[in-house]
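Read the structure below first, then the notes.
Because the structure is a prediction, the values reported are computed rather than measured. Letters go in sequence order (proteins before strands), and every chain restarts at 1.
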Number of protein chains: 2
Amino acid sequence: MIHHNAYTKSIAAILLSIALVPHTQAKQADFMHNTVKQATTIESLATVNDWNQPANGVWITSIGDMSQELRYTDLAAEPPRIERLNTLGDPAFPFEADAIRYSINPDGRLMIRIPCGPDEKLYGYGLQLDKVNQTSRVLELNLDHWGLGGGRTHAPVPFYVSSKGYGVFFNTARFLKVYNQISNRKDATQRPPEVDRNPPVDEIASQPDKWQANPMGDSVEAAIRGSGLEVILFAGDSILEVVQRYNLYSGGGALPPLWGLGFWHRVHAHHNAAQVEAEVAEYSENRFPLDVIGLEPGWMTKSYPCTFEWQTKRFPDPQAFTQGLLDQGIRLNLWENPYISENAKLYEDMYPLSGSHTVWLGIVPDFTLPEARQLLTDQHNQDHLSIGISGYKMDEVDGYDRWLWPEHATFPSGNSAEALRQTYGLLLQKTLYQDLFKKQNQRTYSLVRASNGAASGYPFVIYSDSYDHEQYITGLSTASLCGILWTPEIRSAKSAREWLNRMQTVCFSPMANLNAWASGVKPWDFPEVTDAVRNVIELRMRLLPYFYSSFAAYNRDGIPPVRAMILEGGFENAGATVVEGELDGETNPYATGEIIEKNDQFMFGPSIMVAPFYQEHATERSVQLPAGNWYNFYTGEFVGNNTSIIVNAVELKDRTPLFVKEGAVIPMFSEAPLNSKAAKGQDITVRHYGRTTGRFQLYEDDATTFDYQRGASRIRTITVNANGNFDIQTEGSGPALFGRINHVEQMTK
Amino acid sequence: MIHHNAYTKSIAAILLSIALVPHTQAKQADFMHNTVKQATTIESLATVNDWNQPANGVWITSIGDMSQELRYTDLAAEPPRIERLNTLGDPAFPFEADAIRYSINPDGRLMIRIPCGPDEKLYGYGLQLDKVNQTSRVLELNLDHWGLGGGRTHAPVPFYVSSKGYGVFFNTARFLKVYNQISNRKDATQRPPEVDRNPPVDEIASQPDKWQANPMGDSVEAAIRGSGLEVILFAGDSILEVVQRYNLYSGGGALPPLWGLGFWHRVHAHHNAAQVEAEVAEYSENRFPLDVIGLEPGWMTKSYPCTFEWQTKRFPDPQAFTQGLLDQGIRLNLWENPYISENAKLYEDMYPLSGSHTVWLGIVPDFTLPEARQLLTDQHNQDHLSIGISGYKMDEVDGYDRWLWPEHATFPSGNSAEALRQTYGLLLQKTLYQDLFKKQNQRTYSLVRASNGAASGYPFVIYSDSYDHEQYITGLSTASLCGILWTPEIRSAKSAREWLNRMQTVCFSPMANLNAWASGVKPWDFPEVTDAVRNVIELRMRLLPYFYSSFAAYNRDGIPPVRAMILEGGFENAGATVVEGELDGETNPYATGEIIEKNDQFMFGPSIMVAPFYQEHATERSVQLPAGNWYNFYTGEFVGNNTSIIVNAVELKDRTPLFVKEGAVIPMFSEAPLNSKAAKGQDITVRHYGRTTGRFQLYEDDATTFDYQRGASRIRTITVNANGNFDIQTEGSGPALFGRINHVEQMTK
């Protein structure tokens with residue numbers, strides 16, 4: 001079984017068992033249906049009333065026996081940030097006493113039932129590519145190579161937030177099946193009324209309501225098959241605060257090295273050293289910023305399955321090659337999948353530590369075993385880190401069923417195939433982060449194609465083989481609700497316009513990644529938009545101080561650096577369109593309706609809203625401005641408050657639609673550095689938008705090591721008032737990363 | 001727990017435990033890879049070596065404890081037909097001793113492993129709408145409202161047949177996850193060789209093969225979570241013989257009443273008695289055959305949930321209405337779903353016999369309980385059968401998750417929600433067939449939207465809300481491999497051509513069903529094709545003697561009346577196109593290839609092959625003629641042998657493309673009766689095709705009762721030689737159903 005981390009044990013020691021006092025604040029009454037007293041009338045179910053509270057606004061319980069169960073928090077990057085959690089206020093327990101119920105079925109299904117009112121909206125459940133709102137859905141939260149609507153995804157995080165200001169985390173590495181406001185129990189007093197679908201004409205008037213294909217349920221019911229199920233509740237004054245608590249309990253958000261936020265280019269899978277060097281030179285010739293080169297499978301002697309050993313026919317001197325790039329400020333990232341070839345030096349030692357089945361004919365290490373992690377990290381340290389490798393792209397840890405191990409596979413640790421599947425991406429993040437990079441005091445920013453619960457602290461970004469631009473934008477929102485980083489990577493395009501639009505999206509995401517592994521494409525391959533593409537990459541580079549500080553806030557306070565609009569005030573439900581279902585015997589026999597929500601815009605850092613052009617909205621689109629004043633990023637002009645506007649690519653001169661909040665303070669470079677190395681020490685200009693006083697916390701550290709965890713960081717708090725006067729207060733004694741703040745530009749005239 | 005049927009116990013008593021002798025016939029060596037000795041080298045797994053043989057070519061084993069498990073055979077319509085099974089020869093056990101292995105995992109997963117060679121093709125797994133060949137697929141055989149490719153379907157029968165002449169039936173009402181030639185165990189000696197996907201140029205030549213996204217596995221591995229798993233093996237000299245054994249072990253195929261094979265029309269859901277009567281009169285005026293009228297939900301006082309009670313505002317005198325139709329030879333079929341309204345008389349008594357959750361707010365009876373079945377059948381007998389109702393359409397017993405009970409629901413019998421979901425359609429077929437109709441000695445032909453294993457004996461036809469014409473045709477093939485009847489029902493069309501094409505398909509299916517519940521459409525609503533539509537319905541009516549006898553062969557010998565081409569000799573693999581995968585970074589990153597097979601033609605009865613026009617093949621298509629001589633049904637002309645031809649709607653004068661086997665003998669009416677009542681006693685003409693002697697077994701009984709099970713049937717064997725001379729031998733003393741055989745037409749001049 002998995003070895004619990006030392007910190008988990010120490011946290012257990014400080015858990016306080018609290019007696020729950022029935023909760024009577026008016027605010028909480030909203031949770032219940034208007035027509036019933038409370039949701040505690042399911043007499044057939046047992047009551048959960050044993051909650052521990054490790055920090056303000058966090059409560060933990062479990063049903064069954066957790067001793068043999070793998071929990072996501074056991075695999076978190078860092079221990080819970082109890083001290084930061086306790087800075088967030090002390091909200092009340094968000095349910096009535098006895099409201100949460102459970103059952104343990106004879107066939108081994110453990111079910112927990114969380115009451116949920118008919119007007120509540122539920123968000124989250126990991127990286128969902130189709131919708132932010134998961135109300136009235138059944139989800140199978142099984143790790144898989146993307147899928148829409150059913151819960152199977154690269155990161156099926158079993159965590160949801162309610163519009164009522166609480167969140168529920170099912171802390172179990174099991175396949176979880178969740179019924180969101182779907183199930184109506186026959187003994188529930190708050191069942192919706194029966195409606196005849198086919199009444200005679202004279203009875204239509206007396207019907208209580210229209211018949212519905214999916215009558216709203218009064219709860220979330222979630223079940224696993226396993227011996228125990230742990231549930232963690234998070235409360236907050238806002239959805240954002242609930243998400244912050246989830247992230248802080250998961251160890252705080254990831255803090256990448258500064259270079260991770262520059263521009264990435266993954267070269268064609270068959271490139272050799274000379275071809276890579278030529279491509280890097282082209283970047284320079286074309287004056288395009290570049291921070292990271294990614295090598296795809298061809299760098300290895302065999303793939304797939306893999307050896308993790310250099311293919312010297314393509315890379316005769318890996319050390320000199322890597323160092324040559326580092327000298328130009330370019331980092332190297334290596335593609336891998338974790339399935340080991342019989343040609344690998346690791347094979348023989350790893351064989352007894354691997355599962356019963358192969359993946360692509362490679363053995364599958366059981367990374368819950370410390371010995372297996374040790375074998376991998378020893379080899380990686382010697383062959384990769386010691387010569388200057390900066391990170392990995394850990395591919396294909398996500399399914400599908402037809403290439404992953406079967407669910408009945410066995411592993412030497414005794415952990416189930418199911419638990420391994422849910423955690424394999426996490427286990428590799430843990431292995432690389434804790435056992436490899438952190439031991440070298442070297443930060444990484446890497447890619448992984450699968451993640452799951454409590455992953456907030458991992459500096460790994462998820463990507464996908466899917467390629468729908470709208471879904472890629474939606475992913476930026478859903479990832480932000482569950483401690484996940486997502487890149488809407490750009491791989492190719494059918495037109496110059498698509499190329500520019502995708503480039504604009506990816507440049508305002510956690511990782512600006514061009515993945516040319518199959519296409520071999522370069523940023524300047526669509527000449528009509530080359531200047532506009534360079535312009536948006538340069539804008540990302542100019543915003544590095546702003547964006548790096550946004551990640552610092554993620555690390556320190558759990559505020560996601562790129563995030564869904566529902567985490568902002570004043571946006572909830574804005575832009576949603578209700579479409580009534582029309583009966584159609586061929587295509588819609590249940591006359592199922594739909595609520596179409598506006599998931600095509602998102603926040604980048606604390607103040608900038610991004611509304612990319614995409615697909616049929618290639619050059620014109622609507623943007624929903626939340627309550628509050630909003631300004632044009634480029635001109636500072638007021639554009640609206642709590643309204644919908646149309647933006648147009650021509651008017652924007654082919655720049656990304658960006659809107660800035662009232663009072664925003666945005667630190668930028670006036671010129672784009674060619675990479676993050678060149679950014680160090682560069683002076684900063686501050687922009688101020690709107691009429692009110694605003695403030696920004698500019699974070700700095702050495703940008704590459706873990707010394708910041710031992711206090712080696714500083715924050716310069718920049719305050720700007722309506723007149724453009726500014727003030728700077730410095731906290732902390734860490735190293736300076738950027739230069740002077742030499743100018744404040746008052747954008748709104 | 002479920003009450004086992006008396007017959008199951010009696011069968012158990014006659015099971016013979018046999019000692020397995022290692023099997024050495026040359027034929028069997030094909031099962032194993034050429035490169036290895038045998039598939040018995042998985043030392044990590046236990047060996048299954050305890051097989052019972054209840055009949056020739058049938059072997060049963062189980063792992064774990066079956067005492068609390070629900071088996072499909074416990075729910076079969078009729079007991080196994082041991083005497084008929086033993087008429088089929090005595091094939092050897094199809095595997096080497098010790099070849100079949102199993103494991104029981106600590107997390108409760110029971111897995112069984114059946115060896116499978118790389119050249120074997122696997123067919124079946126129930127009603128799959130996309131493909132007949134299920135090789136190299138992972139399937140989750142969970143009952144659901146249709147889906148493609150993943151195993152979730154209206155009838156996810158856990159039974160496959162191999163091209164090598166054996167079949168495997170997983171006799172368990174559990175969700176079954178099957179890996180068909182997918183999983184490679186690391187300790188298997190027959191693993192395919194590793195292939196580098198990205199070799200340097202100078203290593204490409206030395207690669208053993210092309211890299212494959214899905215390297216072929218050497219077995220079928222199937223697993224459940226439960227306490228026991230029973231597996232039944234069927235052998236045979238052909239795929240058809242394997243399927244026959246499956247059907248005979250499941251009690252023999254269903255024998256509908258003759259009226260079930262006529263034309264069906266389901267009227268608009270809101271029709272009242274007068275409107276129905278007017279529609280029936282229109283059939284007569286337009287000279288269209290009609291046997292059955294189906295009423296959709298509006299006939300009840302409430303739906304959904306349901307009351308099962310007559311809505312007297314629409315049907316003031318149900319008995320007179322039903323009798324009025326019967327007097328015209330028209331049967332009445334009632335729509336239902338089984339979820340009971342609080343307005344139903346049954347509600348109160350059924351409440352304690354129902355599960356924890358509602359479906360569409362109706363309670364869900366636990367039909368594994370005899371008391372629940374009794375309540376339903378008492379009410380149905382009194383309110384429906386006693387006034388002349390002939391059958392039901394049992395809707396919505398199939399999911400989706402968002403309307404069915406959740407997987408953690410509980411039921412008073414103690415059976416799991418999973419087992420209830422897998423069997424709910426079966427349980428209703430059992431209830432209506434055994435407890436309702438059979439007790440009245442009245443045959444039914446009915447509809448149900450979910451079925452599963454061992455259902456061959458149930459006279460229930462499956463239908464779907466899906467509506468893709470090609471998928472509907474494919475369903476006719478896949479259903480035939482697993483004891484299922486399927487109707488590609490016609491509901492509406494976007495053009496006259498589509499209307500005609502769909503009508504031609506449905507008229508050569510187990511049920512010629514026009515379902516106008518939403519559209520209110522009538523057969524003559526596309527005037528340009530009215531004559532052609534009438535023509536094909538009339539052809540079906542003229543073929544009633546042929547088709548009814550085909551069902552009798554299903555009942556007696558397990559030969560499906562409508563069936564996949566692979567059940568014929570000479571067709572295997574014909575028409576398959578191999579499409580190599582092209583690498584595409586946007587849409588096909590694994591360069592996954594595809595084998596496109598010809599699933600758009602099928603057999604109707606023993607001699608007629610149907611190749612409907614559909615979709616982009618609306619007026620012209622290719623037809624694959626298997627080995628053997630084939631003739632044009634209409635003209636008797638020779639069309640080809642083991643070849644592909646093109647057929648064209650103009651040349652066929654808008655008739656269905658039909659092809660007849662060498663030597664076929666087809667009994668028909670020369671004029672189409674307006675319904676099956678009018679068919680009784682009508683004289684028969686016999687067609688003969690080709691140059692060789694042929695024969696047909698014309699089956700007769702009273703066409704409506706179960707007296708045939710007690711010997712009241714007869715068979716007239718018609719033999720026709722090349723000169724058109726014919727001979728008739730009569731066996732059995734049952735009643736005459738049809739008139740004289742008065743003419744033989746030699747079609748091939």
Side-chain angles (χ1 to χ4, degrees), chain A residues 44 103 105-109 111 138 177 179 182-186 191-192 194 196-198 200 214-215 221 223 225 269-270 297-298 302-305 311 313-314 341-342 354 356-358 360-361 363 401-403 406-408 410 414 416 418 465 467 491-492 517-519 583-586 589, chain B residues 44 103 105-109 111 138 177 179 182-186 191-192 194 196-198 200 214-215 221 223 225 269-270 297-298 302-305 311 313-314 341-342 354 356-358 360-361 363 401-403 406-408 410 414 416 418 465 467 491-492 517-519 583-586 589:
Chain A
S44 55
S103 65
N105 287 11
D107 67 352
R109 282 185 172 82
M111 186 281 297
V138 181
K177 190 143 185 176
Y179 297 78
I182 288 281
S183 298
N184 283 285
R185 284 181 180 266
K186 71 174 181 183
R191 268 205 264 163
E194 280 186 18
D196 189 2
R197 191 181 176 184
N198 302 283
N214 299 310
E221 293 192 343
R225 300 186 77 168
H270 296 167
K302 297 269 178 192
S303 65
Y304 342 144
Q311 171 53 270
K313 290 180 185 168
R314 289 191 175 119
S341 164
E342 57 195 12
S354 67
S356 55
H357 288 71
T358 60
W360 280 314
L361 308 172
I363 57 169
D401 279 351
R402 63 176 175 269
W403 70 62
E407 285 171 18
H408 56 263
T410 54
S416 67
E418 172 183 347
D465 276 340
Y467 202 56
R491 295 200 291 270
S492 57
W517 78 277
S519 65
L583 177 67
D584 182 313
E586 285 188 33
Chain B
S44 54
S103 65
N105 287 10
D107 66 353
R109 282 186 173 83
M111 186 281 295
V138 181
K177 190 145 185 175
Y179 297 78
I182 288 283
S183 298
N184 283 286
R185 286 183 179 264
K186 71 175 181 183
R191 269 205 262 163
E194 282 186 15
D196 190 1
R197 191 181 176 184
N198 302 282
N214 299 312
E221 293 193 342
R225 301 186 76 169
H270 296 167
K302 297 269 179 192
S303 65
Y304 342 145
Q311 171 54 269
K313 289 180 184 168
R314 289 192 175 122
S341 163
E342 58 195 12
S354 66
S356 55
H357 288 72
T358 60
W360 280 315
L361 308 172
I363 58 170
D401 280 350
R402 62 178 177 268
W403 70 60
E407 285 171 19
H408 56 263
T410 54
S416 67
E418 172 183 345
D465 276 341
Y467 202 55
R491 294 199 292 272
S492 58
W517 78 276
S519 65
L583 177 68
D584 182 313
E586 284 187 32

Check your understanding: So, the side chain of A:Arg191 versus the backbone of B:Leu361: is there a donor-acceptor pair under 3.5 Å, distance only?
Key -> yes

Point to revise | Salt bridge present between A:Glu418 and A:Arg225 (N-O < 4.0 angstrom) | key: no

Review point. Which heavy atom of B:Ser183 sits nearest a heavy atom of A:His357, and at what distance?
Key: CB-CD2, 3.4 Å

**Study point:** chain B contact via A:His270 - which portion, at a heavy-atom distance below 4.5 Å
**Key:** side chain

Review point. A:Pro106 versus chain B, heavy atoms under 4.5 Å apart: side chain, backbone, both or neither?
Key: neither

**Study point:** Approximate separation, where rounding is to 0.5 Å, of B:Trp360 CH2 and A:Asn214 CG
**Key:** 8.5 Å

**Study point:** Region of B:Lys186 in contact with chain A, defined by heavy-atom distances below 4.5 Å
**Key:** both

Point to revise | Rounded distance [0.5 Å steps], NZ in A:Lys302 versus CD in B:Glu194 | key: 7.5 Å

Check your understanding: Taking A:Ser103, A:Ser356, A:Pro406 one by one, which has the highest count of heavy-atom pairs under 4.5 Å against chain B?
Key -> A:Pro406

Check your understanding: Non-hydrogen atoms of chain A under 4.5 Å away: do they reach the side chain of B:Lys313, the backbone, both or neither?
Key -> side chain

Point to revise | Part of B:Ser303 within contact of chain A (heavy atom distance under 4.5 Å) | key: both

Check your understanding: Checking heavy atoms, do the side chain of A:Lys177, its backbone, both or neither come under 4.5 Å from chain B?
Key -> side chain

Exercise for review: Report yes or no: does A:Tyr467 contribute a side-chain atom to a donor-acceptor pair with the main-chain N or O of A:Ser492 at less than 3.5 Å?
Suggested key: yes

Point to revise | Contacting region of A:Arg314 [heavy-atom separation from chain B under 4.5 Å] | key: side chain

Check your understanding: Using non-hydrogen atoms only, which part of B:Asp107 is less than 4.5 Å away from chain A: side chain, backbone, both, or neither?
Key -> side chain

Check your understanding: Among B:Val138, B:Asp584, B:Ile363, which has the most heavy-atom pairs under 4.5 Å with chain A?
Key -> B:Val138

Exercise for review: Answer with side chain, backbone, both or neither: which region of B:Trp517 has an atom nearer than 4.5 Å to a non-hydrogen atom of chain A?
Suggested key: side chain

Revision key, fill the gap. Nearest heavy-atom contact between A:Asn198 and A:Asp196 is N-OD1, 3.1 Å

Exercise for review: Report the option among B:Pro305, B:Ala269, B:Ser519 that has the most heavy-atom pairs separated by less than 4.5 Å from atoms of chain A.
Suggested key: B:Pro305

Study note, to complete from the structure: If one checks every heavy atom of B:Gln311 against chain A at 4.5 Å, the contacting part turns out to be side chain

Check your understanding: Under a 4.5 Å heavy-atom cut-off, does chain B meet the side chain of A:Asn105, its backbone, both or neither?
Key -> side chain

Study note, to complete from the structure: Output for pair (A:His408 NE2, B:Arg109 CZ), nearest 0.5 Å, gives 9.5 Å

Practice item. Pick one of side chain, backbone, both or neither for B:Arg491, based on which atoms fall under 4.5 Å of a heavy atom in chain A. Key: side chain

Revision key, fill the gap. Scored by heavy-atom pairs under 4.5 Å with chain B, the best of A:Gly108, A:Pro192, A:Ala223, A:Ala518 is A:Pro192

Point to revise | Segment of A:Thr358 engaging chain B (4.5 angstrom heavy-atom cut-off) | key: both

Check your understanding: For the residue pair B:Tyr179 and A:Asp401, what are the closest heavy atoms and their distance?
Key -> CE2-O, 4.1 Å

